[in-house]
Amino acid sequence: QLQLVESGGGLVQPGGSLRLSCAVSAFTLDVYAIGWFRQAPGKEREGVSCISSRGGNTVYADSVKGRFTISRDIAKNTVYLQMNSLKPEDTALYYCAEDSIAYSPICTIRRPYGRWGQGTQVTVSS
């Protein structure tokens, strides 16, 4: 049973770009918002972005607004996080997760999420 599977992390120089992918089931994409979260060593996990179950609502943390873009491809059952103008402080383990509330018209990165992926490492360094 497909859970949530992240990919696309890696090492990138400051100012560079990466696109993270989160593969989910078609059911999940239709029913739940998907969020991206990150956790750096020694820091608490923080919400980065989310997209609602029908894709009409997106939310971004202030720290990534204007640099990151969340999107989804229904045909591929995948949610993406395009990350541009990366900074060293973006270095973290990035997770995607399934919202705990079904069919919510909006998403938030400020409430508990249900199932989580295993994470993909993003390192921004010269």
**Prompt:** Hey, which of I70, T28, L81 is the one that makes side chain to side chain contact (heavy atoms under 4.5 Å, CB included) with I34?
**Reply:**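 Exactly one option meets the side chain to side chain contact (heavy atoms under 4.5 Å, CB included) with I34, and it is T28.
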Taking the side chain from [X] and the backbone from [Y], do they hold a donor-acceptor pair closer than 3.5 Å?
X: T120; Y: G9; result: yes
X: T91; Y: V124; result: yes
X: N57; Y: C107; result: yes
X: E6; Y: Q118; result: yes
X: R19; Y: M83; result: no
X: Q39; Y: L93; result: no
X: S100; Y: P112; result: yes

Can you see which heavy atom on [X] is nearest to which on [Y], and at what distance?
X: I74; Y: R72; answer: CD1-NH2, 3.8 Å
X: A102; Y: V31; answer: CB-CG1, 3.4 Å
X: Q121; Y: A92; answer: NE2-O, 3.4 Å

**Prompt:** Does the side chain to side chain contact (heavy atoms under 4.5 Å, CB included) test come out yes or no for D99 and R111, once each step is laid out?
**Reply:** CA-CA 8 Å; D99 198 358; R111 69 180 172 217; 2.6 Å; yes
**Item:** Chi angles and distances behind the side chain to side chain contact (heavy atoms under 4.5 Å, CB included) call for Q82, S17
**Value:** CA-CA 7 Å; Q82 178 67 44; S17 298; 3.9 Å; yes
Nearest-0.5 Å distance, [atom1] of residue [X] to [atom2] of residue [Y]:
X: K65; Y: Y60; atom1: NZ; atom2: OH; value: 10.5 Å
X: R45; Y: Y95; atom1: CZ; atom2: OH; value: 7.5 Å
X: C22; Y: Y94; atom1: SG; atom2: OH; value: 14.5 Å
X: R54; Y: Y103; atom1: CZ; atom2: OH; value: 6.5 Å
X: Y80; Y: T69; atom1: OH; atom2: OG1; value: 14.0 Å
X: W36; Y: S49; atom1: CH2; atom2: OG; value: 10.0 Å

Going hydrophobic residue to hydrophobic residue with side-chain gaps under 4.5 angstrom, can you get from [X] over to [Y]?
X: I109; Y: F68; result: no
X: Y113; Y: V59; result: yes
X: F37; Y: I101; result: no

**Side-chain donor-acceptor pair present, D73, T78, cut-off under 3.5 Å** =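 There is no such pair (donor and acceptor under 3.5 Å, judged by atom type) between the side chains of D73 and T78.
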**Message:** Within the 4.5 Å heavy-atom criterion, are T123 and V12 side-chain neighbours or not?
**Reply:**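 No. Closest side-chain heavy atoms not under 4.5 Å.
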**Prompt:** Do D90 and K87 sit within salt-bridge range, that is, some charged N less than 4.0 Å from a carboxylate O?
**Reply:**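 Judged by the 4.0 Å cut-off on N to carboxylate O distance, D90 and K87 do not form a salt bridge.
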